[in-house]
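Right, one structure below, let's go through it.
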Amino acid sequence: MDRSDGLTEEELLAHIRGQSTPEQAARIEAAADADPALRAELSVMAGLKDALGASTDGPDTRIFGWKRLEAEIKSTQTAAPRTRGWQMIAAALGTVALLQGAYIAFVPQGGGAPLFRTVSEESARFGLGIAFAPSASAAEIETLLRDTGARIVDGPSAIGLYRVAFQTEEARATAQSAFDASPLIELVAEE
């Protein structure tokens, strides 16, 4: 604010708070005696001293918050290389597990066919639908399937049928004869 008496608002506030020099205080008092508007302004400022003091006194605490934030950022940055190392180790272990799973699933074990195949493979078209007798044990079923070269690719369905697949048409025909003669099989359905 431009004043005709040459005093600034900061000087007036300092005077109200009792922080002005004796020379400056004398100059402000003399100006207030000569100017009733300045005297009124000083009275209002004195009345608002508590409010003005609370808003302008004390250190700026924002700098302390900023320093805490900087310290937190620095501590996070020093931990980042360790985290990156663990991420790389976890990625390497995940890759090894994936490769082992693929090897087990798709590489023939003991010179035979792979352990796992998808239903959509070429050999799946040589299939039969079969229903096992309720009295058949899991060991007997496993032996029968191994002896006939059948592998279960789906089932049981809602009516209890299992879909079995064979490597060739000849293997399917041979197995169908064996299934028809077996007491472990209740039903054989061509697909």
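The shortest side-chain heavy-atom distance between H15 and R27 does not fall under the 4.5 Å cut-off. At least one side-chain heavy atom of E190 sits under 4.5 Å from a side-chain heavy atom of Q176. Considering only heavy atoms from C-beta on, E41 stays 4.5 Å or farther from D35 through its side chain. Within the 4.5 Å cutoff, the side chain of F179 has heavy atoms near those of the L145 side chain. Looking at heavy atoms from C-beta onward, F166 lies in side-chain contact with L128 at the 4.5 angstrom threshold. By the 4.5 Å heavy-atom criterion applied to side chains, I185 and F132 are counted as neighbours.
No continuous path of ILVMFWY side-chain contacts below 4.5 Å connects L98 to Y103, so the two sit in separate hydrophobic clusters. Under a hydrophobic clustering in which Ile, Leu, Val, Met, Phe, Trp and Tyr are joined whenever their side-chain heavy atoms come within less than 4.5 Å, directly or via other members, I152 and L144 fall into the same cluster. The hydrophobic clustering, which links ILVMFWY residues whose side-chain heavy atoms are closer than 4.5 Å, places L184 and V164 together. Note: the hydrophobic cluster containing I141 also contains V188 (ILVMFWY, side chain heavy atoms under 4.5 Å, direct or indirect links). Following chains of ILVMFWY side-chain contacts shorter than 4.5 Å, one can reach L12 starting from I16, so the two form part of one hydrophobic cluster.
Of the possible polar contacts, one joining the R39 side chain to the A32 backbone as a donor-acceptor pair under 3.5 Å is found.
The CD atom of E169 sits 10.0 Å away from the OG1 atom of T174 when rounded to the nearest 0.5 Å. To the nearest 0.5 Å, the span separating CG on D154 from CG on L161 amounts to 10.0 Å.
Taking a cutoff of 4.0 Å between a charged side-chain nitrogen and a carboxylate oxygen, K67 and E70 do not qualify as a salt bridge. Salt bridge present: E142 and R146 bring a charged side-chain N and a carboxylate O closer than 4.0 Å.
Sorted pairs that involve residues 177-186 and meet side-chain hydrogen bond (donor to acceptor under 3.5 Å, both in side chains), not counting sequence neighbours, are lacking altogether.
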